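What you see is a predicted model; the values in this text were computed from it and never measured. Along the sequence shown, residues carry numbers from 1. Atoms within a ligand are numbered from 1 in the order they appear, just like the ligands themselves.
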Amino acid sequence: MTEQTFNYDVLIVGAGNAACSAAHAAIDKKATVGILEKASKGNRGGNSALTGHMRFVFNGFDDVRPLVKNMPDADLHELLERMPHRTEAEHWDEIMHVTNNQSDQEMLQVHVTESRNTVHWLASKGHDWVPAGGFKMPSDNILLMNGGGYGLQQRNFTLLEKAGATFHYETSAVDLVQDQKGRVIGVKTLTPQGFATFYAKAIVLACGSFESNPEMRARYLGAGWDMVRLRGVPFNTGEGLQMAMNIGAMPHGSWSTCHASPQDINLAPYKIPIGYSTKASKARYMYPYSLMVNSNGERFIDEAYDLRGRTYAAMGRAILTQPGGIAFQILDAKARKMDIYPMNYDDATTEKADTLEKLAAALDINAPNLVRTVREFNAAIQPGTFNADRHKLDGKHTAGLAINKSNYSLSIEEGPFEGFPVRCGMTFCYGGLKIDPKNGQVQHVAGRPIPGLYAAGEMAGGLWVGNYASGSGMMAGATFGRVAGTGAAIAAIGS
Ligand SMILES: Cc1cc2nc3c(=O)[nH]c(=O)nc-3n(C[C@H](O)[C@H](O)[C@H](O)COP(=O)(O)OP(=O)(O)OC[C@H]3O[C@@H](n4cnc5c(N)ncnc54)[C@H](O)[C@@H]3O)c2cc1C
């Protein structure tokens with residue numbers, strides 16, 4: 001049997017948010033577009049289908065009005081009181097702050113200045129946003145994509161199919177095809193029926209990072225990372241990165257750090273988009289208001305050194321380094337009365353007890369140490385008012401402890417006490433390929449662009465180092481997907 005071949009102007013590998021944005025942009029330029037997706041049609045969407053929000057620049061009402069349908073102006077003004085703006089300067093500063101000034105500044109410039117344009121462009125395609133539901137939703141932004149990432153991706157598929165893009169499911173990219181001049185002209189794939197080669201004038205790699213590959217996790221992130229459970233899809237096993245590096249693509253950004261956050265101890269090994277609901281999320285993001293201890297009953301990190309959206313992506317690593325790779329979020333009855341639990345804590349794995357000793361026994365924590373840790377913590381809390389505002393630190397801190405808590409210090413004294421066992425859940429890796437941020441073209445180790453090859457989303461490295469700000473992955477995927485799709489289409493068929 002002869003091997004099947006296909007031809008497109010622009011071929012996109014992956015069908016997540018970055019890929020779909022690249023496809024929209026290439027179609028805007030009138031390119032023919034083929035999309036290769038490893039997952040089945042039912043499980044299409046990538047990690048992008050499991051998300052909630054994007055973090056973008058807005059200067060006030062006029063910037064968010066075009067994004068939100070069916071909401072009276074007065075209600076939108078009220079929503080904005082929670083967070084009136086995120087200016088370019090504020091957004092730049094927070095990313096530089098969380099990455100310890102290590103974010104690639106050329107990438108960041110595009111990310112920051114194009115985020116607002118990109119969400120407006122997505123709205124022009126048919127996407128919309130809805131208000132984030134305060135404390136009940138685990139989001140730090142005031143808006144969520146309508147239907148979350150799942151809704152965004154379902155709309156993307158419908159819109160792109162209507163616009164003429166062809167999707168090829170259960171089609172795994174395994175190799176890049178080059179001509180004699182080194183130009184990338186195709187992708188070799190493996191399907192359930194065998195090998196097929198797809199040719200194109202330009203190729204966009206948007207097939208995620210290596211978070212689902214235990215061998216690569218151990219190789220790049222270090223000991224212990226091979227055994228972590230995934231928050232997302234099992235499909236992002238790093239072939240895109242490997243294929244590109246095999247032909248000389250330059251690795252870029254932080255390959256030894258990743259996004260990993262506190263998750264329920266019973267987090268499943270991975271998630272698939274089908275049937276997923278953010279209400280069933282296993283994220284356990286009450287830690288800034290809790291006392292977080294390991295099984296020795298000892299604290300190991302300042303639970304609230306910054307806003308939750310700027311710490312959660314680094315908390316997974318801190319938990320992984322504890323005995324057994326687990327930790328416990330301890331809260332007392334006061335927190336319950338305040339009604340500050342996100343709704344996904346309703347099905348959290350938990351133990352409740354009238355005394356700390358009984359709680360420790362139920363959770364297998366060293367009881368005398370836990371009692372001492374709590375006593376010392378309570379005694380160290382300084383005057384001030386606790387305020388669980390997600391967008392503002394309250395400054396309610398401790399003093400004199402080996403590890404102080406900088407904000408949201410709520411004493412643990414009133415039974416029943418609750419303890420939530422958590423583990424590290426892997427989200428995605430920060431290391432990727434070096435791209436030209438202006439057109440998404442992948443750079444060769446020799447310092448020149450690789451003709452015909454573009455990359456976006458998790459595959460484009462450089463923005464995140466050691467930490468991250470919530471909602472940024474989807475925003476970067478959309479922004480650089482659009483950039484790469486435009487760059488690839490121009491290379492393929494001219495401007
Ligand atoms: C549970 C969860 C919640 C999250 N919440 C948020 C949030 O609210 N906001 C936010 O900004 N970020 C969030 N993130 C991070 C976000 O999902 C990623 O940053 C973003 O989805 C990356 O987009 P992408 O298009 O690069 O990758 P993906 O959406 O993962 O898409 C990659 C696609 O490539 C396919 N693929 C992989 N290998 C191959 C191959 N060899 N051949 C063909 N196809 C292949 C995969 O099947 C997949 O469909 C969350 C992640 C998880 C797991």
Side-chain angles (χ1 to χ4, degrees), residues 11-23 35-41 43-56 115 132 137-141 144-145 148-150 152-153 156 167-176 187-191 198 204-213 229-243 258-261 263 267-268 270-273 276 278 280-283 309 312-313 425-430 432 455-460 463-464 468-481 484:
L11 185 64
I12 298 167
V13 186
N17 164 57
C20 291
S21 297
I35 301 174
L36 312 180
E37 170 54 52
K38 183 195 272 185
S40 63
K41 186 171 182 182
N43 275 323
R44 63 186 177 177
N47 280 342
S48 303
L50 309 173
T51 66
H53 65 124
M54 289 184 189
R55 193 181 199 91
F56 52 86
S115 66
M137 291 301 289
S139 164
D140 281 339
N141 276 325
L144 301 173
M145 283 97 69
Y150 191 79
L152 176 103
Q153 286 297 88
N156 269 334
F167 286 85
H168 301 264
Y169 297 106
E170 297 185 68
T171 302
S172 299
V174 293
D175 226 341
L176 294 171
V187 177
K188 184 163 184 175
T189 70
L190 186 58
T191 74
F198 291 75
V204 180
L205 295 175
C207 49
S209 184
F210 62 86
E211 64 268 9
S212 321
N213 182 329
R229 298 188 193 175
L230 301 176
R231 296 182 57 209
V233 296
F235 311 119
N236 294 350
T237 41
E239 299 89 70
L241 295 168
Q242 283 173 335
M243 286 185 296
C258 67
H259 183 306
S261 65
Q263 299 289 312
L267 180 72
Y270 61 82
K271 280 196 202 83
I272 46 174
Y276 181 72
T278 44
S281 160
K282 296 284 183 195
Y312 78 115
M426 173 75 187
T427 321
F428 68 95
C429 305
Y430 296 151
E458 290 177 0
M459 289 202 64
L463 279 171
W464 323 121
Y468 161 100
S470 72
S472 300
M474 290 296 284
M475 193 64 256
T479 300
F480 288 101

What is the distance from atom [atom1] of [X] to atom [atom2] of [Y], rounded to the nearest 0.5 Å?
| X | Y | atom1 | atom2 | result |
| --- | --- | --- | --- | --- |
| L152 | S21 | CG | OG | 7.5 Å |
| K38 | T171 | NZ | OG1 | 12.0 Å |
| F235 | S172 | CZ | OG | 9.5 Å |
| K282 | Q263 | NZ | CD | 10.0 Å |

Can you figure out which of [options] has its heavy atom closest to [atom]?
| atom | options | answer |
| --- | --- | --- |
| atom 18 (C) of ligand 1 | E458, H53, R44 | E458 |
| atom 35 (C) of ligand 1 | E37, M459, M243 | E37 |
| atom 53 (C) of ligand 1 | A313, A469, G425, G232 | G232 |
| atom 51 (C) of ligand 1 | I12, T427, L152 | T427 |
| atom 32 (C) of ligand 1 | A39, G457, A206, G14 | A206 |
| atom 16 (C) of ligand 1 | N236, N17, T51, T189 | T51 |

When you compare the side chain of [Y] with that of [X], does any pair of heavy atoms fall below 4.5 Å?
| X | Y | result |
| --- | --- | --- |
| L36 | I12 | no |
| N236 | S209 | no |
| S470 | Y312 | yes |
| P234 | I272 | yes |

Do me a favour and list the nearest non-hydrogen protein atom to [atom] with residue, atom name and distance?
| atom | value |
| --- | --- |
| atom 31 (O) of ligand 1 | G16 CA, 3.4 Å |
| atom 10 (C) of ligand 1 | M474 CG, 3.3 Å |
| atom 44 (N) of ligand 1 | K38 N, 3.1 Å |
| atom 42 (N) of ligand 1 | A173 N, 2.9 Å |
| atom 41 (N) of ligand 1 | E239 OE1, 2.7 Å |
| atom 36 (N) of ligand 1 | C207 CB, 3.6 Å |
| atom 21 (O) of ligand 1 | S48 OG, 2.8 Å |
| atom 2 (C) of ligand 1 | R231 NH2, 3.6 Å |

Does any N/O atom on [X] come nearer than 3.5 Å to any N/O atom on ligand 1?
| X | result |
| --- | --- |
| A456 | no |
| G473 | yes |
| F428 | no |
| N47 | yes |

Taking only heavy atoms of [X] into account, list the atoms of ligand 1 that are under 4.0 Å away from them.
| X | result |
| --- | --- |
| L50 | 1 (C), 2 (C), 3 (C) |
| G52 | 7 (C), 8 (O) |
| G208 | 32 (C) |
| V13 | 42 (N), 43 (C) |
| T171 | 42 (N), 43 (C) |
| Y468 | 10 (C), 11 (O), 12 (N) |
| G45 | 29 (O) |
| S172 | 42 (N) |

Parallel, tilted or perpendicular: ring planes of Y468 versus Y430, cut at 30 and 60 degrees: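 Answer is parallel, since the angle falls under 30°.
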
Whether S472 lies under 4.0 Å from ligand 1, heavy atom: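 True for this residue.
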
Expected output: side-chain N47 to main-chain V233 donor-acceptor under 3.5 Å: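 Checked: pair present.
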
Atom of A19, atom of G14 and distance for their closest heavy-atom approach: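 In terms of heavy atoms, the two residues are closest at CB-O, 3.0 Å.
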
Closest heavy-atom pair and its distance - I35, A15: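 The pair with the smallest heavy-atom distance is CG2-CB, 4.1 Å.
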
Greater than 12 external heavy atoms within 6.0 Å of F167's CZ: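 Enclosed.
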
T427 versus R231, side-chain donor and acceptor atoms under 3.5 Å: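 Yes, T427 and R231 have a side-chain donor paired with an acceptor closer than 3.5 Å.
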
Set of ring-ring contact (aromatic ring centres under 6.0 Å, His included) partners for F480, sequence neighbours left out: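 Listed in chain order: nothing, the list is empty.
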
Residues forming a side chain to side chain donor-acceptor pair (under 3.5 Å) with Q153, sequence neighbours excluded: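 Partners of Q153 under the side chain to side chain donor-acceptor pair (under 3.5 Å) test: N156.
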
